[in-house]
Amino acid sequence: MKKGIKIGLVELPRLGYYPLAMKKENLGVGCFEPTKKAEQNLLKVLRSGRLTYGPFIQRFEREFAKAHDSKYAVMVNSGTSALRIAFACLKEVEGWKDGDEVLVPTITFVATVNTIISNGLKPVFVDVDPRTYNIDPKEIEEKITKRTRAIVPVHMMGQPCDMTPIMKLAKKYKLKVVEDSCETMFTNYRGKVVGSFGDISCFSTYVAHLIITGVGGLAVTSNPKYAEVLRSLANHGRDNIYISIDDDKNTKGKLFKQIIARRFRFVRPGYSFRVTEFEGAVGCAALDDAPKMMKVRKRNGAYLTQKLKGLERYLQLPWYPDYSGHAFMMYPIVVKDGSGVDKQDLVNYIEERGIETRDLMPLINQPYLKKMYKFKERDYPVAEWINGNGFYIGCHQKMGLPELEYIVGTFNKYFNKLEKSLGMSLTKA
Ligand SMILES: Cc1ncc(COP(=O)(O)O)c(C=O)c1O
């Protein structure tokens with residue numbers, strides 16, 4: 001008999017089916033690992049009594065920017081806040097007007113679009129590529145008008161967008177690029193890391209993402225002017241001469257007097273998007289473990305694709321070209337048209353067996369967007385297909401072989417049952 005799988009104190013037979021609820025938290029779409037390093041860093045913060053913008057946030061910003069081949073990072077309290085100040089910064093510095101247009105994909109999290117709207121700009125929707133679920137570069141050009149100011153490639157689920165044609169179009173039409181990289185970190189496209197293509201790139205460190213700090217996000221850039229404005233916007237629109245309580249330390253003479261005179265000056269309408277040293281401390285600890293996490297996620301993604309291959313007549317599994325990496329923040333699956341599979345039935349089946357799922361970020365069928373923009377799903381056929389047939393499961397670093405085998409076993413069981421009911425031969429996985 002094969003060796004069993006130890007789960008807490010309970011040993012289960014290999015490839016056996018876990019009772020409902022058991023291990024459910026590990027088969028969720030994300031995970032947080034409370035490491036010793038994070039614990040030590042948090043204790044350091046508590047003992048230092050320093051909560052505001054200090055050594056941990058500064059280190060996290062420095063190292064995160066470097067890992068994404070960028071000069072500056074501004075840590076804020078969410079990916080949404082990062083996007084909010086990115087568009088506000090570009091609007092201010094580049095002189096964009098209310099109603100100017102920003103191109104966004106039809107599959108993304110609502111925050112991408114909400115932050116465009118809340119900056120007084122107009123999102124213009126571009127359909128996505130049917131294999132990658134990322135903005136389709138072939139669909140971009142026809143959406144460009146005199147009022148288009150920027151393209152927002154959203155690197156969905158851990159997969160970089162097809163950046164070469166996107167950057168070519170941006171150059172041709174003098175458009176800015178804001179990468180929404182809230183779902184992707186440390187991942188290359190043609191040898192260049194995500195976050196280093198755009199004028200400003202935004203990341204999220206919210207739970208169920210890659211690096212997790214609880215709440216958190218970063219706006220990353222290599223443009224010093226943008227960095228200055230982003231930092232100010234996140235701090236109530238403050239004069240950048242005084243952002244940290246250390247900024248007047250060890251200064252003398254003219255500079256000291258200047259800081260005293262300007263440290264309570266606000267130069268633009270800004271926001272309170274700051275984080276504390278707690279988030280910075282957790283972020284620094286997670287950065288140390290990031291290479292391992294990325295390796296495990298990639299391995300898990302590859303394992304699922306290899307083992308679910310036998311179901312490809314029903315399911316579209318993730319695909320990415322060899323010149324692109326994949327962070328596998330999630331594992332997306334889309335039920336193929338004409339396969340006879342009812343997505344909801346499949347989703348219910350695996351959910352009942354403790355495998356958490358989410359819809360694949362539908363956007364254009366969101367009630368408020370439908371009402372505002374009056375678009376019809378039919379105008380975006382790929383998004384319509386994904387909205388009706390797509391879902392994702394987790395493939396995070398807390399999943400090991402037993403969990404992956406369980407996921408594969410559950411899918412196979414569903415399809416074996418389905419094929420039996422249709423009088424077909426059993427699927428070999
Ligand atoms: C593509 C995308 N953009 C933006 C965000 C917003 O990030 P946050 O939840 O940190 O505000 C998310 C978060 O899920 C996301 O997936």
Side-chain angles (χ1 to χ4, degrees), residues 28-32 60 64 68 73-88 102-119 123 125-126 128-129 132-135 150-161 177-185 187 194-195 197-198 200-220 230 233-234 271-276 279-280 282-283 286 297 326-332 356-364 366 369 383 386-387 390-394 396:
V29 293
C31 73
F32 173 65
F60 186 57
F64 194 89
H68 294 88
V74 175
M75 189 179 185
V76 287
N77 58 6
S78 68
T80 305
S81 299
L83 287 162
R84 181 76 159 95
I85 58 172
F87 295 120
V102 178
L103 304 181
V104 288
T106 48
I107 296 288
T108 181
F109 185 59
V110 280
T112 319
V113 170
N114 289 347
T115 50
I116 292 168
I117 296 169
S118 58
N119 270 299
F125 300 88
V126 179
V128 295
D129 180 285
T132 65
Y133 322 130
N134 281 332
I135 192 165
I151 309 174
V152 186
V154 184
H155 308 303
M156 291 297 293
M157 308 275 139
Q159 177 159 6
C161 293
V177 173
V178 176
E179 285 175 74
D180 181 340
S181 205
C182 285
E183 300 192 1
T184 306
M185 291 173 182
T187 303
V194 290
F197 292 88
I200 302 175
S201 302
C202 299
F203 296 84
S204 169
T205 57
Y206 186 59
V207 289
H209 283 65
L210 295 161
I211 280 194
I212 294 169
T213 61
V215 293
L218 298 109
V220 165
L230 289 166
L233 281 164
Y271 310 93
S272 179
F273 286 165
R274 295 161 300 189
V275 274
T276 67
E279 287 82 16
V282 176
R297 283 179 178 268
H326 200 311
F328 281 106
M329 180 175 129
M330 304 298 172
Y331 190 87
E356 192 184 10
T357 67
R358 297 278 162 81
D359 281 347
L360 211 60
M361 309 273 171
L363 190 66
I364 54 165
Q366 296 302 338
L369 289 171
I386 295 167
N387 291 350
F391 64 99
Y392 66 78
I393 59 174
H396 54 75

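By convention here, the first residue in the shown sequence is residue 1. All values derive from a computational prediction rather than experimental measurement. Note that these values count all heavy atoms, side chains included, but never hydrogens, waters or copies made by symmetry. Each ligand, and each atom within it, is numbered from 1 in the order the structure gives.
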Query raised in the report: Without hydrogens or angle criteria, can the side chains of Thr213 and Glu279 be said to hold a donor-acceptor pair below 3.5 Å?
Result: no
Requested in this report: Look at the rings of His68 and Phe203 and say which category their plane angle falls in: under 30° parallel, 30 to 60° tilted, over 60° perpendicular.
Outcome: tilted
Query raised in the report: What are the two closest non-hydrogen atoms of Gly79 and Cys182, and how far apart are they?
Result: CA-SG, 3.9 Å
Query raised in the report: Are side-chain heavy atoms of Tyr133 and Met157 found at a separation under 4.5 Å?
Result: no
Query raised in the report: In terms of the angle between their ring planes, are Phe64 and Phe60 parallel, tilted or perpendicular, with boundaries placed at 30° and 60°?
Result: tilted
**Report entry** Side chain Asn134, main chain Val128, donor-acceptor under 3.5 Å
**Finding:** no
Query raised in the report: What residues come within 4.0 Å of ligand 1, counting heavy atoms only?
Result: Ser78, Gly79, Thr80, Leu83, Thr108, Phe109, Ala111, Thr112, Val154, Asp180, Cys182, Glu183, Ser204, Tyr206, His209, Gly216
